[in-house]
Amino acid sequence: MQGLYVQAYVFSEPSSYGISEGRISRLTVYPNQQKEFSKHLANYDRGWDGKSPEDSTTRAVIEAAVRQFDDRAVEWQFEALR
């Protein structure tokens, strides 16, 4: 998506552990196909590693994934509190 690579683990049902309480419980955004964890742009594993991403391109990719699997918008204010 948008030149970035996404790897996601998706539940069959929404969960309080998911992004915006949706189905995506794990999601990593990489800048290339190598999927080197140390070079990830964002990582979510039942919560954000560090803090939620602030980069607009990375956010757009995450929003597209959430729309695809949950048909909802990401609530970034809620995500910032995790």
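Just so it is clear, the model here is predicted, and its values are computed rather than measured. For the numbers below, each heavy atom of this structure counts, side chains included, while hydrogens, waters and symmetry mates do not. The residues of the chain are indexed from 1 along the displayed sequence.
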Legend entry - Stepwise side-chain hydrogen bond (donor to acceptor under 3.5 Å, both in side chains) check, W76 with E54: CA-CA 9 Å; W76 289 111; E54 296 178 359; over 6 Å; no
Legend entry - Cluster link V74 to L4, ILVMFWY, side chain under 4.5 Å: yes
Inset, instruction - To the nearest 0.5 angstrom, please state how far the CD atom of E21 sits from the OG atom of S15. - result: 8.0 Å
Legend entry - Between NZ on residue K51 and CG on residue L81, distance to nearest 0.5 Å: 13.5 Å
Legend entry - Rounded distance (nearest 0.5 Å) linking atom CD of Q77 with atom OG of S52: 10.5 Å
Legend entry - ILVMFWY network linking V10 to Y17, side-chain heavy atoms under 4.5 angstrom: no
Inset, instruction - Any chance you could measure T28, atom OG1, to K39, atom NZ, to the nearest 0.5 Å? - result: 15.5 Å
Legend entry - Sidechain-backbone polar pair: R26 side chain, Y44 backbone, donor-acceptor under 3.5 Å: no
Legend entry - Reported CD1-to-CZ distance for the pair I24 and R46, which is rounded to 0.5 angstrom: 14.5 Å
Inset, instruction - Before giving the answer on side-chain contact (heavy atoms from CB on, under 4.5 Å), spell out for D55 and L41 the whole-Å C-alpha distance, their side-chain angles and the decisive distance to 0.1 Å. - result: CA-CA 9 Å; D55 174 70; L41 302 174; 5.9 Å; no
Legend entry - Student check: side-chain heavy atoms of E79 and S20 closer than 4.5 Å: yes
Inset, instruction - Measure from the side-chain N and O atoms of D70 to the backbone N and O of G22, and report whether any donor-acceptor pair falls under 3.5 Å. - result: no
Inset, instruction - Please indicate whether F11 has more than 12 foreign heavy atoms, meaning atoms of other residues, nucleotides or ligands, lying under 6.0 Å from its CZ. - result: yes
Inset, instruction - Give, for atom CD1 of I19 and atom CZ of R72, the distance between the pair rounded to the nearest 0.5 Å. - result: 11.0 Å
Inset, instruction - Say whether, by atom type as modelled, one donor and one acceptor occur between the side chain of Q7 and the main chain of L27 under 3.5 angstrom. - result: no
